[in-house]
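Notes follow the structure.
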Amino acid sequence: MTIRIATYNVHGMRDSVPALGRVMTAARADVLCVQEAPRFGRWRAGRAALAAAAGLAVAGEGRRRR
(Lines give C-alpha, C1' and ligand atoms only; values in the text may rest on other atoms or scores of the structure.)
Protein backbone atom coordinates (compact mmCIF):
# COMPACT_ATOMS: atom_id res chain seq x y z
CA MET A 1 0.00 0.00 0.00
CA THR A 2 1.28 3.45 -0.88
CA ILE A 3 0.19 6.61 0.91
CA ARG A 4 0.95 9.91 -0.72
CA ILE A 5 1.64 12.75 1.76
CA ALA A 6 2.19 16.37 0.75
CA THR A 7 2.52 19.79 2.33
CA TYR A 8 1.33 23.03 0.79
CA ASN A 9 1.86 26.62 1.92
CA VAL A 10 -1.31 28.62 1.28
CA HIS A 11 0.26 31.93 2.46
CA GLY A 12 -2.74 32.91 4.57
CA MET A 13 -5.09 32.18 1.64
CA ARG A 14 -4.27 35.52 0.02
CA ASP A 15 -4.68 33.84 -3.37
CA SER A 16 -7.91 32.72 -5.00
CA VAL A 17 -9.54 29.85 -3.09
CA PRO A 18 -10.59 28.07 -6.33
CA ALA A 19 -7.00 28.36 -7.62
CA LEU A 20 -5.59 26.98 -4.36
CA GLY A 21 -8.13 24.16 -4.56
CA ARG A 22 -7.01 23.25 -8.08
CA VAL A 23 -3.36 23.07 -7.01
CA MET A 24 -4.22 20.96 -3.99
CA THR A 25 -6.37 18.62 -6.09
CA ALA A 26 -3.58 18.27 -8.66
CA ALA A 27 -1.21 17.08 -5.91
CA ARG A 28 -3.39 13.95 -5.56
CA ALA A 29 -2.26 13.48 -1.96
CA ASP A 30 -3.95 11.10 0.46
CA VAL A 31 -2.89 13.39 3.31
CA LEU A 32 -2.27 17.09 2.72
CA CYS A 33 -0.75 19.23 5.48
CA VAL A 34 -1.54 22.91 4.97
CA GLN A 35 1.00 25.47 6.11
CA GLU A 36 0.29 29.14 6.96
CA ALA A 37 -3.47 28.70 7.03
CA PRO A 38 -5.40 31.77 8.23
CA ARG A 39 -5.48 32.20 11.99
CA PHE A 40 -7.70 35.24 12.46
CA GLY A 41 -11.20 36.31 11.52
CA ARG A 42 -13.43 33.66 10.04
CA TRP A 43 -10.63 31.13 9.58
CA ARG A 44 -12.84 28.09 10.15
CA ALA A 45 -15.13 29.12 7.28
CA GLY A 46 -12.10 29.78 5.07
CA ARG A 47 -10.63 26.41 5.93
CA ALA A 48 -13.92 24.69 5.10
CA ALA A 49 -14.16 26.56 1.77
CA LEU A 50 -10.61 25.60 0.85
CA ALA A 51 -11.22 21.93 1.69
CA ALA A 52 -14.42 21.94 -0.38
CA ALA A 53 -12.63 23.57 -3.34
CA ALA A 54 -10.00 20.81 -3.23
CA GLY A 55 -12.50 17.99 -2.69
CA LEU A 56 -10.91 17.20 0.68
CA ALA A 57 -12.08 16.91 4.28
CA VAL A 58 -10.67 18.77 7.28
CA ALA A 59 -9.11 16.31 9.71
CA GLY A 60 -7.55 18.57 12.35
CA GLU A 61 -8.48 21.58 14.38
CA GLY A 62 -5.17 23.32 13.87
CA ARG A 63 -4.85 24.33 17.50
CA ARG A 64 -1.46 25.51 18.61
CA ARG A 65 0.31 23.98 21.55
CA ARG A 66 1.89 26.43 23.94
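Along the sequence shown, residues are numbered consecutively beginning with 1. Quick note: numbers below take in every heavy atom, side chains included, and nothing from hydrogens, waters or symmetry partners.
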| Nearest heavy-atom neighbours spanning Thr25 and Ala54 | OG1-O, 3.1 Å

| request: Report yes or no: do Val31 and Val34 belong to one cluster of Ile/Leu/Val/Met/Phe/Trp/Tyr joined by side chain heavy-atom distances under 4.5 Å? | output: no

| query | About how many Å separate CE of Met13 and CD of Glu36, when rounded to the nearest 0.5 Å? | reply | 13.0 Å

| request: Ignoring hydrogens and angles, tell me if any N or O in the side chain of Arg28 forms a donor-acceptor pair with the backbone of Arg4 under 3.5 Å. | output: no

| query | Where do Met24 and Leu50 come nearest, in terms of heavy atoms and distance? | reply | SD-CD1, 3.7 Å

| task | Looking only at non-hydrogen atoms, find the nearest pair between Leu32 and Leu56 and report the distance. | result | CD2-CD1, 3.9 Å

